[in-house]
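Reviewing the structure listed below.
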Protein chains: 2
Amino acid sequence: MRLTTKGRYAVTAMLDLAFHSQIKPVTLTDIAARQTISLSYLEQLFARLRRAGMVKGVRGPGGGYKLCRKTSEINIADIIAAVNEPIDSTKCGGEANCQKDQACLTHDLWMGLSEQIKDYLKSISLADLLEKNQVQEVAIRQHHDAQHTIEIHHHQD
Amino acid sequence: MRLTTKGRYAVTAMLDLAFHSQIKPVTLTDIAARQTISLSYLEQLFARLRRAGMVKGVRGPGGGYKLCRKTSEINIADIIAAVNEPIDSTKCGGEANCQKDQACLTHDLWMGLSEQIKDYLKSISLADLLEKNQVQEVAIRQHHDAQHTIEIHHHQD
DNA sequence: TACTTAACCTAGCAAAATAGTCAACTATTA
DNA sequence: TAATAGTTGACTATTTTGCTAGGTTAAGTA
Ligand code: FES
Ligand code: FES
């Protein structure tokens with residue numbers, strides 16, 4: 001499991017998609033504009049996400065992308081794994097034989113740690129994040145509404 | 001929190017150090033040989049680890065590196081943070097103002113997730129990993145011993 | 001049928017990060 | 001003093017990243 005800005009872009013885009021594709025597909029152009037990510041970079045990311053079976057492209061006018069599964073069934077680890085080249089972080093490439101005596105200090109250890117992180121990220125779904133974010137959005141909207149009300153009151157003075 | 005091979009190198013080297021520096025300091029040459037990491041790359045990593053106050057260099061013959069703290073007081077997150085350039089993973093660089101309406105979809109969300117991963121890695125100490133590894137080592141040795149016994153039995157036939 | 005839309009694909013590029021090298025230098029200690 | 005071993009800085013190669021530019025293909029619409 002590698003964790004870089006690339007993965008962040010992917011998670012962000014997927015979250016945007018989850019948030020806006022309730023009714024109709026969302027175009028990458030829209031996501032690019034909202035999240036300030038280059039369109040073609042998004043295309044690259046979504047090509048991988050599509051090949052991983054997480055999203056589905058709909059061509060033609062009114063088209064765009066939509067999720068293949070429910071937001072509760074899409075986890076963060078899968079998204080990150082989909083966009084990152086699956087690099088074998090071991091020297092031996094699966095075989096546990098690079099040295100005689102201290103062979104797997106790197107091998108088992110990092111693999112285990114990496115697996116733990118993956119498990120952790122697997123336990124977080126898009127729905128979980130959406131919920132969190134929605135709470136915040138609601139809070140902000142309520143704040144705005146409140147301010148709006150205050151302004152109206154002010155005008156009525 | 002970023003997770004790349006660089007961090008893996010650092011954690012692996014620190015673990016090797018923890019494992020071998022019980023009695024006397026360990027030279028980077030030894031670690032380089034054991035873990036098949038380039039010596040000069042290790043030097044770079046250990047320069048950062050030293051600046052972060054995690055290891056101490058001992059000069060002269062019989063010198064090398066040793067840990068500044070107990071293995072139970074050194075966590076994985078700190079090691080990884082020490083070798084990675086502290087990059088601000090947000091576009092806005094701390095300010096939450098990159099866009100008007102959807103400002104912090106990226107911001108709060110990824111920051112929070114990143115923080116959670118960091119917390120998780122903070123909860124794992126070198127001692128924890130050592131213990132695990134030692135358990136495995138014992139297991140392997142036992143397995144070897146068992147096979148050895150089998151071979152002896154075979155010879156006795 | 002022609003046109004538009006947006007997915008889908010390809011090649012290439014500049015900047016950054018990563019991984020590793022080399023050589024000179026300094027401090028320690030046997 | 002001579003050997004050892006850390007310290008430093010500059011330098012190079014490779015990979016990844018994020019992006020641009022240009023297409024092709026499928027699906028709607030006039
Ligand atoms: S990396 Fe797999 S055995 Fe050393
Ligand atoms: S990244 Fe911080 S507000 Fe958008």
Side-chain angles (χ1 to χ4, degrees), chain A residues 2-13 17 20-21 24-33 35-68 80 83-89 91 106, chain B residues 1-13 17 21 24-33 35-52 54-68 80-91 106:
Chain A
R2 220 170 8 150
L3 217 60
T4 61
T5 49
K6 193 176 192 176
R8 189 190 102 226
Y9 276 135
V11 171
T12 304
L17 179 58
H20 290 96
S21 70
K24 59 174 184 132
V26 177
T27 67
L28 291 191
T29 311
D30 285 355
I31 298 179
Q35 306 303 331
T36 48
I37 306 172
S38 116
L39 174 60
S40 294
Y41 194 41
L42 269 183
E43 280 176 351
Q44 280 181 38
L45 297 181
F46 271 78
R48 284 171 177 277
L49 292 170
R50 187 173 52 78
R51 279 194 284 271
M54 317 191 79
V55 297
K56 190 166 155 34
V58 180
R59 296 187 169 197
Y65 277 96
K66 55 180 188 175
L67 299 176
C68 280
I80 293 174
V83 296
N84 281 336
E85 209 65 46
I87 205 165
D88 57 335
S89 60
K91 301 244 173 212
T106 305
Chain B
M1 188 86 315
R2 221 171 4 148
L3 219 58
T4 61
T5 49
K6 194 175 191 175
R8 189 190 101 226
Y9 278 137
V11 172
T12 304
L17 181 57
S21 70
K24 58 175 186 131
V26 177
T27 67
L28 291 191
T29 312
D30 284 356
I31 299 179
Q35 306 304 330
T36 50
I37 308 173
S38 119
L39 172 61
S40 297
Y41 195 41
L42 269 184
E43 282 173 351
Q44 280 182 35
L45 298 181
F46 271 76
R48 284 172 177 277
L49 291 171
R50 188 176 52 79
R51 279 194 285 271
M54 316 191 80
V55 296
K56 189 167 159 33
V58 180
R59 297 185 169 201
Y65 278 96
K66 55 179 189 175
L67 299 176
C68 280
I80 293 174
V83 295
N84 280 336
E85 211 64 46
I87 204 165
D88 56 335
S89 61
T90 53
K91 299 239 178 219
T106 305

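We use all heavy atoms of the structure for the numbers below, so side chains are in, but hydrogens, waters and symmetry mates are not. Chain naming here is simple, since letters A, B, ... match the order of the sequence lines and numbering starts at 1 in each. Given the structure is predicted, the values throughout are model-derived calculations rather than measurements.
Remark: B/Tyr9 is in phosphate contact with C/dG20, judged by side-chain N or O atoms under 4.0 Å from OP1 or OP2. A/Arg50 has a side-chain polar atom (N or O) that falls below the 4.0 Å cut-off from OP1 or OP2 of C/dC9. Checking the phosphate oxygens (OP1, OP2) of D/dG18, a side-chain nitrogen or oxygen of A/Thr5 falls inside 4.0 Å.
In this structure, B/Gln35 and B/Thr12 approach most closely via the heavy-atom pair OE1-CG2, 3.5 Å. Contact between A/Val58 and A/Lys66 at its shortest, heavy atoms only, is CG2-CE, 4.2 Å.
Of all the residues in residues 58-68 of chain B, B/Val58, B/Arg59, B/Gly60, B/Pro61, B/Gly62, B/Gly63, B/Gly64, B/Tyr65 reach under 4.0 Å from DNA chain D with at least one non-hydrogen atom.
Taking the six-membered ring where tryptophan is involved, the planes of A/Tyr65 and A/Phe46 are tilted, since the angle between them lies from 30° to 60°.
Not counting sequence neighbours, the partners of B/Ala47 by the side-chain contact (heavy atoms from CB on, under 4.5 Å) test are B/Arg51. By the salt bridge (Lys or Arg N to Asp or Glu O under 4.0 Å) test, A/Arg50 pairs with no residue at all, sequence neighbours left out.
The distance between atom CG of B/Leu42 and atom P of C/dT21, rounded to the nearest whole Å, is 11 Å. If you measure from atom CZ of B/Phe46 to atom C1' of D/dT8, you get 17 Å, rounded to the nearest angstrom. Rounding to whole angstrom units, CG of residue A/Leu3 and P of D/dT16 are separated by 16 Å. A/Arg51 places its CZ atom 7 Å from the P atom of C/dC9, with the value rounded to the nearest Å. Atom C1' of nucleotide D/dA27 and atom NZ of A/Lys24 are separated by 15 Å, given to the nearest angstrom. Rounded to whole Å, the distance from CG on A/Leu28 to P on C/dT5 is 16 Å. Between the CD atom of A/Gln35 and the P atom of D/dG18 there is a distance of 15 Å, given to the nearest Å.
In the set C/dA7, D/dT8, D/dG18, D/dG18 carries the atom at the smallest distance from any side-chain atom of A/Tyr41. Distances from the side chain of A/Gln44 to the nucleotides C/dC9, D/dT17, C/dA11 place C/dA11 closest. Closest contact between the side chain of B/Arg2 and the listed nucleotides D/dA5, C/dC9, C/dT18 involves C/dT18. Nearest to the side-chain atoms of B/Ser40 among the listed nucleotides D/dG18, C/dC22, C/dT18 stands C/dC22.
To the nearest 0.5 Å, atom CD of residue B/Gln44 and atom NZ of residue B/Lys6 are 7.0 Å apart.
Note on A/Thr4: only backbone sugar-phosphate atoms sit closer than 4.0 angstrom, heavy atoms only; bases stay farther off. Residue contacts shown for B/Leu39 are absent, as no nucleic acid heavy atom lies under 4.0 Å away.
Between B/Met54 and B/Arg48, the closest side-chain pair of non-hydrogen atoms is not below 4.5 Å.
For the pair A/Lys6 and A/Glu43, nearest-nucleotide mapping onto DNA chain D gives the more 5' position to A/Lys6.
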